[in-house]
Protein chains: 2
Amino acid sequence: MDRPAPVYDAFVAECPTRALLDRLSDKWVSLVLVALAPGPMRYRQLHRRIDGVSQKMLTQTLRSMARDGLLTRTVTPTVPLRTDYELTPLGRSLLPVMAAIKAWAETNIEAVERARLDYDEHQVDGGTGAAR
Amino acid sequence: MDRPAPVYDAFVAECPTRALLDRLSDKWVSLVLVALAPGPMRYRQLHRRIDGVSQKMLTQTLRSMARDGLLTRTVTPTVPLRTDYELTPLGRSLLPVMAAIKAWAETNIEAVERARLDYDEHQVDGGTGAAR
DNA sequence: CGGGATCCCGTCGGATACTG
DNA sequence: CAGTATCCGACGGGATCCCG
């Protein structure tokens, strides 16, 4: 009866989707997602695959993604320990989108770099001249 | 001749695409992009459309996006001042991707919230019991 | 191996005041 | 209207040490 209007809009500051959008807007999230695309991986593998990520950020990212239902964390209490991470169906549904961002960056990086050179140049020389 | 291997991979820390990916991973970037989808907008309009953004962050985001060639900034020196922002073709090529993230968040927010409840519950109660 | 806990510095980003 | 400039508190995130 009064379960009517779940109208979510990230343009609205108080909307929970705004916070979610912020979470998803994290380079580590996209990289983890894409890294896990082929299949389950162990912590160590992820750490090496995602170059430059600190142990703290990787763990933190994995935890929050597990909490958000994007992936599962399976601990095998052998000695030594073993932990596997695997995308959930929910995580997989986000995968194409994140892969697309990463791909866009890799495809258009050169265009962006050209735009930056252009921009910076026109900042120094305000318009008419050819000087310098 | 030696213009051979522009192999970009955001998994590599030093790759320029990593930095670009980080820039794109910004909630304001996605919101600005989607906001400008219908057509050019003035500063004031954007500020109102994107609820909760501070003037500082909006300006800062718009500048970096202009520098990266995602949008153009056109100042009309009337009194009072008028500034229009409009997506470039490059920006438009990124639009579908960003719109998809925003849409994903709005579509799956409830699934995520359920996953969080589930996760938090199993943290408190480690497994067997039904207690509490 | 897979983390947790702590320290600590840099920057992100909001609030406020002022300008062309 | 569309910003710029400044101050400053919060926290993001790396480095380090330790544990199960």
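Computed from a prediction, not measured in an experiment: that's the story for all the values here. In what follows, chains are A, B, ... by sequence order, proteins preceding strands, each numbered from 1. FYI, side chains are in, hydrogens and waters are out, and symmetry mates aren't considered; it's all heavy atoms of this structure.
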Compare the minimum distances between each of [options] and the side chain of [X], then state the nucleotide with the smallest one.
X       : options               : answer
B:Met57 : C:dG13, D:dC1, C:dC1  : C:dG13
B:Thr83 : C:dC1, C:dG3, D:dG3   : D:dG3
A:Pro80 : C:dC1, D:dT4, D:dA2   : C:dC1
B:Arg42 : C:dG4, D:dA2, C:dG2   : D:dA2
B:Lys56 : C:dA15, C:dG20, C:dC1 : C:dA15

- Message: Under 3.5 Å, is there a donor on one side chain and an acceptor on the other for A:Arg73 and A:Thr83?
- Response: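 There is no such pair (donor and acceptor under 3.5 Å, judged by atom type) between the side chains of A:Arg73 and A:Thr83.
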- Item | Student check: side-chain heavy atoms of A:Trp28 and A:Leu58 closer than 4.5 Å |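 A:Trp28 vs A:Leu58: side chains apart.
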In whole angstrom, give the distance that lies between atom [atom1] of [X] and atom [atom2] of [N].
X       : N      : atom1 : atom2 : result
B:Arg23 : C:dT11 : CZ    : P     : 14 Å
B:Tyr43 : D:dA2  : OH    : P     : 9 Å
B:Lys27 : D:dG12 : NZ    : C1'   : 14 Å
B:Arg44 : D:dG3  : CZ    : C1'   : 12 Å
B:Leu81 : C:dG20 : CG    : P     : 13 Å
A:Arg63 : D:dG13 : CZ    : C1'   : 17 Å
B:Leu58 : D:dC1  : CG    : C1'   : 13 Å
A:His47 : C:dG4  : NE2   : P     : 14 Å

- Does any N or O in the side chain of A:Thr17 come within less than 3.5 Å of the main-chain N or O of A:Tyr8, such that one atom is a donor and the other an acceptor? no
- Query: Is there a donor-acceptor pair closer than 3.5 Å between any side-chain N or O of A:Asp51 and the backbone N or O of B:Ala13?
  - Reply: yes
- Provide the closest heavy-atom pair for B:Phe11 versus A:Leu31 in the form atom of the first, atom of the second, distance.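 Looks like CE2-O, 3.5 Å.
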- N or O in side chain of B:Arg73 less than 4.0 angstrom from D:dA2 OP1/OP2: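 No, because none of the side-chain N or O atoms of B:Arg73 sits under 4.0 Å from OP1 or OP2 of D:dA2.
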- Task: Look at A:Thr78 and C:dC1 and indicate whether a side-chain polar atom (N or O) is within less than 4.0 Å of OP1 or OP2.
- Result: no
- Message: Quick check: on DNA chain D, is the nucleotide nearest B:Asp84 upstream (toward 5') of the one nearest B:Asp22, or the reverse? Name the residue that is more 5'.
- Response: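 Closer to the 5' end of DNA chain D: B:Asp84.
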- Message: Check this for me: does the side-chain of B:Gln60 come within 3.5 Å of the base of D:dT4 through a donor and an acceptor?
- Response: no
